[in-house]
Trainee: 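I have a structure here, written as structure tokens, and I will follow up with some questions on it.
Along the sequence shown, residues are numbered consecutively beginning with 1.
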Amino acid sequence: RSEEMAKLTQLIDNEVFRAFATYATIVLLKMMLMSLITAYFRITRKAFANPEDTASFGKGESAKKFLRTDQDVERVRRGHLNDLENIVPFLGIGLLYALSGPELYTALLHFRIFAGARITHTFAYLIPLPQPGRGLSWVVGYAVTISMAYQLLKAVLYL
């Protein structure tokens, strides 16, 4: 049992793992914020997806008008979906990459660029900024995840 605890302590002492944990937490909190933003837009635009969500606005036919889509709500939802499609792979690949023993400087560069790209992508989606801003921020984040995957495969499989 004490050997297992020693291994866990070694992991927490690993600077690259701590860097990954920091930036993973940042992007996860950013993704969680998208849920709150979606709720805010649903409430302020009075655009709900479920009948029970309209109860405070009336009953029956009067509440049905609030069961609708809204372009602002859908825009936030698309941004949130894009987070799910990109942050989840970053978490898995980034964790394995962090555990593969990369240099701290290189790992920090990967993690920081990814987090910056996702935050930029969110602003580009919500404001909205003209293209190619959103597209470029997506490409940068995606490229970082691919780069970590390549580095991981190179370290583990000697590619």
Trainee: Is it the case that the side chain of Ser147 and the backbone of Ala143 share a donor-acceptor pair, with hydrogens and angles ignored and the cut-off at 3.5 Å?
Mentor: no
Trainee: Does some side-chain heavy atom of Asn86 sit less than 4.5 Å from a side-chain heavy atom of Thr145?
Mentor: no
Trainee: Closest approach of Thr54 and Leu67, non-hydrogen atoms and distance?
Mentor: CG2-CD2, 4.0 Å
Trainee: If you compare all heavy atoms of Leu104 against all heavy atoms of Ala19, which two are closest, and at what distance to 0.1 Å?
Mentor: CD1-CB, 4.4 Å
Trainee: For the residue pair Arg118 and Asn82, establish whether any side-chain heavy-atom pair is separated by less than 4.5 Å.
Mentor: yes
Trainee: If hydrophobic clusters are built from ILVMFWY residues whose side chains come within less than 4.5 Å, do Ile113 and Leu91 share one?
Mentor: yes
Trainee: Using the ring centroid of each side chain, check whether Phe114 and His110 are separated by less than 6.0 Å.
Mentor: no
Trainee: Taking the side chain as C-beta and beyond, is there a heavy-atom pair between Phe20 and Phe90 under 4.5 Å?
Mentor: yes
Trainee: What are the two closest non-hydrogen atoms of Ser137 and Thr120, and how far apart are they?
Mentor: CB-CG2, 3.9 Å
Trainee: Sub-3.5 Å donor-acceptor pair from the side chain of Asp70 to the main-chain atoms of Asp72, do we have one?
Mentor: yes
Trainee: Donor-acceptor check, side chain of Arg42 to backbone of Ala47, threshold 3.5 angstrom: yes or no?
Mentor: yes
Trainee: Do the side chains of Val76 and Ile87 join up, straight or via other hydrophobic residues, at under 4.5 Å, putting them in one cluster?
Mentor: no
Trainee: Mind checking the CG-NE2 spacing from Leu33 to His80? Nearest 0.5 Å is all I need.
Mentor: 9.5 Å
Trainee: Is it true that, when you exclude Glu103 itself, more than 12 heavy atoms of the residues, nucleotides or ligands shown sit nearer than 6.0 Å to its CD?
Mentor: no
Trainee: Is a side-chain N or O of Arg75 found less than 3.5 angstrom from the main chain of Leu126, in a donor-acceptor match?
Mentor: no
Trainee: Compare all side-chain heavy atoms of Thr122 with those of Asp83 and state whether any distance is below 4.5 angstrom.
Mentor: yes
Trainee: What class does the angle between the rings of Trp138 and Tyr142 fall in, given that below 30° is parallel, 30 to 60° is tilted and above 60° is perpendicular?
Mentor: parallel
Trainee: Might you point out which heavy atoms bring Pro102 and Ala107 nearest each other, and give the distance in Å?
Mentor: CG-CB, 4.1 Å
Trainee: If hydrophobic clusters are built from ILVMFWY residues whose side chains come within less than 4.5 Å, do Leu136 and Val144 share one?
Mentor: no
Trainee: Take Leu29 and Thr25 through the side chain to side chain contact (heavy atoms under 4.5 Å, CB included) test and state the conclusion after the steps.
Mentor: CA-CA 6 Å; Leu29 286 171; Thr25 300; 3.9 Å; yes
Trainee: What's the separation between atom CZ in Arg134 and atom CD1 in Ile127, rounded to the nearest 0.5 Å?
Mentor: 12.5 Å
Trainee: Can you tell me how far the OG1 atom of Thr69 sits from the CZ atom of Arg45, to the nearest 0.5 Å?
Mentor: 13.5 Å
Trainee: Check whether any side-chain heavy atom of Val73 sits under 4.5 Å from a side-chain heavy atom of Phe48, and report yes or no.
Mentor: no
Trainee: Are Ile26 and Thr22 close enough that some pair of their side-chain heavy atoms sits under 4.5 Å apart?
Mentor: yes
Trainee: If hydrophobic clusters are built from ILVMFWY residues whose side chains come within less than 4.5 Å, do Ile119 and Val139 share one?
Mentor: no
Trainee: Could you give the distance from CE (Met31) to CG (Leu81), rounded to the nearest 0.5 Å?
Mentor: 11.0 Å
Trainee: Near Gln131 CD, under 6.0 Å, is it more than 12 heavy atoms from other residues, nucleotides or ligands?
Mentor: yes
Trainee: Are Val27 and Leu36 connected into the same hydrophobic cluster when the rule is that any two of I, L, V, M, F, W, Y join if their side-chain heavy atoms are below 4.5 Å apart?
Mentor: no
Trainee: Looking at CZ of Arg78 and CD of Gln71, how far apart are the two atoms once the value is rounded to the nearest 0.5 Å?
Mentor: 8.5 Å
